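When a ligand or atom number is given, it counts from 1 through the structure's own listing order. Residue numbers run from 1 in the order of the sequence given. Note that the structure is predicted; figures quoted are calculated from it, not measured.
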Amino acid sequence: MSFETILVESPSAGVTLIRLNRPEALNALNTQLLGELSQALDAAEADETVRCVVLTGSEKAFAAGADIKEMSDKTYAQMFSMDFFTPAARRLEQFRKPVIAAVAGYALGGGCELAMLCDFIIAAETAKFGQPEINLGVMPGIGGTQRLTRFVGKSKAMDMMLTARMMDAAEAERAGLVSRVVAADKLLDEALAAAAKIASQSPLAVMMNKELVNTAYETTLSTGVAVERRLFHSLFAFEDQKEGMAAFVEKRKPDFKGR
Ligand code: CAA
């Protein structure tokens, strides 16, 4: 599969690395890029040897938002009929394998929203997060008003969306938007090491963990805990549970087969 706006690599067993690659536009998200990203995710989902995806940009920008030049002349009818951004957002929302966002530089507007659609964010010290759509007379359109508020709380989300101020990596970590902050030159190594660790686990247990953490955003505590209990019990039907626990008892590394 060949792409023009993203680069897809397989840096280690079980890991797919997707780099957003529109340097001339700071990786602004246009229709072509979002389409190619969806296709690359389709391929990663269908390939059972792929266990984890890392999504990254460049040193200067993860993504500086939706492509303003492409969007500026669109009419309401066009935005509505093409359902701007929805297919790519849905693709990530429904992606069953873990996706790590490795963010350096700007993650603004749709770029911040894209990072939040991933399962967790590892940030370089240079990362800057923001929802500056208000400067353009609009608002976030890929879930930013909802997801950022859940990540950082109402006060910071309002501050960022209404004043358009950016959050640096340290503030983003304090606020719970990112899971860890690393030196810029270590960003990819850290993200790929995390992905390799995930790829070495039982893919069934990984998918169930992911599903249940996401369930916490969609349901009550008692319902979420009840679903967790059932899925925890169900894991005992898999060979991977036997292998994982036997390996612990036998003091060796487990060899998970995904069954
Ligand atoms: N769309 C299209 N092109 C963009 C872009 C975007 N979101 N962001 C940057 N670019 C382009 C610039 O136009 C410029 O191209 P030219 O050289 O052809 O003029 C190139 O990328 C480099 O950008 P700058 O010269 O502006 O770089 P800078 O270092 O001076 O500033 C920046 C960097 C602060 C990120 C600035 O580019 C900027 O403010 N970008 C826009 C950020 C933004 O408003 N994002 C939200 C978009 S709307 C959205 O995302 C809606 C949604 O939720 C769906």
Ligand-protein N/O pairs under 3.5 Å (ligand 1):
| residue | atom | partner | partner atom | Å |
| --- | --- | --- | --- | --- |
| ligand 1 | 1 (N) | A66 | O | 3.4 |
| ligand 1 | 1 (N) | I68 | N | 2.9 |
| ligand 1 | 7 (N) | A64 | O | 3.0 |
| ligand 1 | 7 (N) | A66 | O | 2.9 |
| ligand 1 | 13 (O) | K69 | NZ | 3.0 |
| ligand 1 | 15 (O) | K69 | NZ | 3.3 |
| ligand 1 | 18 (O) | K69 | NZ | 3.3 |
| ligand 1 | 29 (O) | K60 | NZ | 2.8 |
| ligand 1 | 45 (N) | A64 | O | 3.0 |
| ligand 1 | 50 (O) | A66 | N | 2.9 |
| ligand 1 | 50 (O) | G110 | N | 2.8 |
| ligand 1 | 53 (O) | E113 | OE1 | 2.6 |
| ligand 1 | 53 (O) | E133 | OE2 | 2.6 |
| ligand 1 | 53 (O) | G141 | N | 3.1 |

Residues forming a side-chain hydrogen bond (donor to acceptor under 3.5 Å, both in side chains) with K97, sequence neighbours excluded: none
Can any side-chain N or O of D67 pair as donor or acceptor with the backbone N or O of A28 at less than 3.5 Å? no
Between T126 and E59: side-chain donor-acceptor atoms closer than 3.5 Å: no
Does V53 reach the side chain of T16, with side-chain heavy atoms less than 4.5 Å apart? yes
Which residue pairs pass the ring pair (Phe, Tyr, Trp, His ring centres under 6.0 Å) test when at least one of the two sits in residues 213-259, sequence neighbours left out? F232-F236
Considering only residues two or more places apart or on different chains, which pairs with a residue in residues 53-101 satisfy ring pair (Phe, Tyr, Trp, His ring centres under 6.0 Å)? none
